[in-house]
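Written below as structure tokens is the structure these notes are about.
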Protein chains: 2
Amino acid sequence: MIDVARAAGVSPATVSRVLNGSNSVSAEMRDRVLTAIKKLDFRPNQMAQGLRKGQANAVALLVGDIEQTHFSALTKQLQAALEVIGLNLILFNLGHSDNRLLDFLQRAPAMRLRGVVVALSDAIPKKAGPMLSALAEAGLQIVSVGQNLNRFDVPSVVHEERAATARSVRFLIEQGRRRIAYVGRIKGSAVGTERFRGYRAALLEAGLPFDEALVWDNAFRYAAGYDAVSRALEGGLEFDALQAGSDEMAMGAIAALTDRGVVVPRDVAVVGFGDVEMGRYLRPSLTTLSNNPAAAALTVREFFEPVNGRRPRRNLVLLERALVRRASA
Amino acid sequence: MIDVARAAGVSPATVSRVLNGSNSVSAEMRDRVLTAIKKLDFRPNQMAQGLRKGQANAVALLVGDIEQTHFSALTKQLQAALEVIGLNLILFNLGHSDNRLLDFLQRAPAMRLRGVVVALSDAIPKKAGPMLSALAEAGLQIVSVGQNLNRFDVPSVVHEERAATARSVRFLIEQGRRRIAYVGRIKGSAVGTERFRGYRAALLEAGLPFDEALVWDNAFRYAAGYDAVSRALEGGLEFDALQAGSDEMAMGAIAALTDRGVVVPRDVAVVGFGDVEMGRYLRPSLTTLSNNPAAAALTVREFFEPVNGRRPRRNLVLLERALVRRASA
DNA sequence: CTGAAAGCGCTTACAG
DNA sequence: CTGAAAGCGCTTACAG
């Protein structure tokens, strides 16, 4: 920076001012500095800036499991959205582990981050609440995606869960399905629980009995869907439809049904959750509830943009889901 | 840090020394400092350390497209491996764009990174070569995963491509297949080209004709496989096997075959590439070539670990792939 | 083995 | 509008 200052015949302070877009710089000075910067191909040291400003130009993304399509799609959109406003994305794959979350929260202050994006489907452990608040207190911008964390004072952008599942189950009922099973009421999963509630509500609302035997708990991935359905069929359970808590579970479930000669959708209609790309290429193609990671990412970005004009931000942004009807239901 | 020094009754220099594991600290001092650190829950400011040391404790990961399962699986393993040695992972999703790569390379010096991991399937543009070298010159550790970049002096950990595809095509020939198509000789894709070469080599080696009409070019994803096969069938092309350049293409291809009443594997045998989890749950399940992201990540990590004892590192690490035989071929 | 001092490369009150 | 100076929180030669 000193070199630039010398080349432009100004002080380092002035260089810094044009770098930071201070408006108290004369046009002439600004031009001279800009020219020098270009000529020397100068780029300010981000660590020095960060140290001085007390904050890195980086945001941490805490993600349940980047290998799940839903999370990788969101990560892609978030990275792109934040890069636009000059923020780097530091990725922490939590692998659905509470301990790793707590660990991160402990180490976070030392990183002097600009903020953290929490993209977790799992319920947040009690202990994390105060730590989140402390971080926010310290000037970090915290935003949750996919799960409402308002009770910890964390602004959240979430998709419909309960209402979406209810809509889908209602659709199944309209198609004449009566014994509708649900895979994905996962212990400790905030979204799994929400979706399950929508399922149950739709059932009761339609005057159908709610049968615990038709609710299967497990993880969110393929194997979980496959195993749950396999066990159900072995156990002689009868059902004519299945609502899954994720597309991956749904696809695993369809494999299990197919392996036992159960035809989808003739014998059992299946609806997934999340509209993963593969669902379109499955045969029968997967009926599912849509997801809008791009909109979520853009909304998250707003929280990191400089606020001009005191425009208050909503603490909770709700994104809609549509029932994407395809061949499996 | 000054607080810690005061609490321990030592100088900040000593605190720094125990923090950095310098061995020229007496046991007693060390204990006092450690106690004070624990009591005050002190964590050194990473930005200050980075500024002083001239390097952040972060590595950038350049990835083709995090939404492709292959990349997300690798990313997950890399993040975990690097975290073990205290390195943060800054994610840059390139979306297969040359411009974004060049852009990053330009901005990289200002970030003072510890290193960068290049995980790209696309051929590297000429201009990137010198920039990569310049970064390495500046003390960054650069490692390529998935593509051999030794010609730019970048150590690389790669999986078999050509040999693996050849193995798979040989297998198809042994099964009696004679008209074997290939989807995935993608212009600009380094790995796509390599895989294609293995395909052609196996054909010629077996004395089978190589037919350009049976080689389809496109992107790596589902739609590419679907569209290529749809067009081939519409064009009346005949083939009894298909080697795909990725699992996603293979699954898209299978959808297209199914839609036109072509039965897999009876009429057309299909082999994918990469052993994505979904392949196991497709019906028929997908025969494919394996992939070892965990081994790749661990190998990458070795390049970032402090070198003790001058143990020279290989510039090229080759990981094997196995033919994972399932129902589709 | 330990401490005082300089400095990493910036930014921002403070004067003018 | 501009510059000189202090300081962000560390680490590491340099003396002792």
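A, B, ... follow the sequence lines: proteins, then strands. Residue 1 opens every chain.
- Sequence neighbours left out, the pairs with a member in residues 2-18 of chain A that pass salt bridge (charged side-chain N to carboxylate O under 4.0 Å, His left out) are A/Asp3-A/Arg6.
- Listed by chain and residue number, nothing satisfies the salt bridge (charged side-chain N to carboxylate O under 4.0 Å, His left out) test with B/Arg52 (two or more places apart in sequence, or in another chain).
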- Could you write nucleotides 6-16 of chain D as a row of B, S and -, 5' to 3', where a protein heavy atom under 4.0 Å of any base atom gives B, of only sugar-phosphate atoms gives S, and otherwise -? BBBBBBBB---

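- Remark: B/Glu137 pairs with no residue by the salt bridge (charged side-chain N to carboxylate O under 4.0 Å, His left out) rule, at least two apart or across chains.
- Annotation: salt bridge (charged side-chain N to carboxylate O under 4.0 Å, His left out) contacts of A/Asp31 (sequence neighbours excluded): none.
- Sequence neighbours left out, the pairs with a member in residues 112-128 of chain B that pass side chain to side chain donor-acceptor pair (under 3.5 Å) are B/His96-B/Asp122.
- Within the structure, no pair that satisfies the ring-ring contact (aromatic ring centres under 6.0 Å, His included) test touches residues 60-88 of chain B, not counting sequence neighbours.
- To the nearest angstrom, P of D/dC1 lies 13 Å from CD of A/Glu28.
- Ion pairing of B/Lys39 with B/Asp41 is absent here, as no side-chain N (NZ or NE/NH1/NH2) approaches a carboxylate O to less than 4.0 Å.
- For A/Asp31 and D/dC1, the CG to P distance is 14 Å, given to the nearest whole Å.
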- Message: Once pairs are restricted to Watson-Crick or G-U wobble with both distances under 3.5 Å, how does DNA chain D read as a dot-bracket string, [ ] for crossings and | for other-strand pairs?
- Response: |||.||||||||.|||

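- Using a 4.0 Å heavy-atom criterion, one finds that A/Ser24 contacts the bases of the nucleic acid, with or without backbone contacts as well.
- D/dG16 and D/dT12 have their C1' atoms separated by 16 Å, given to the nearest Å.
- The ring-ring contact (aromatic ring centres under 6.0 Å, His included) check on A/Phe92 picks up A/Phe104, with sequence neighbours excluded.
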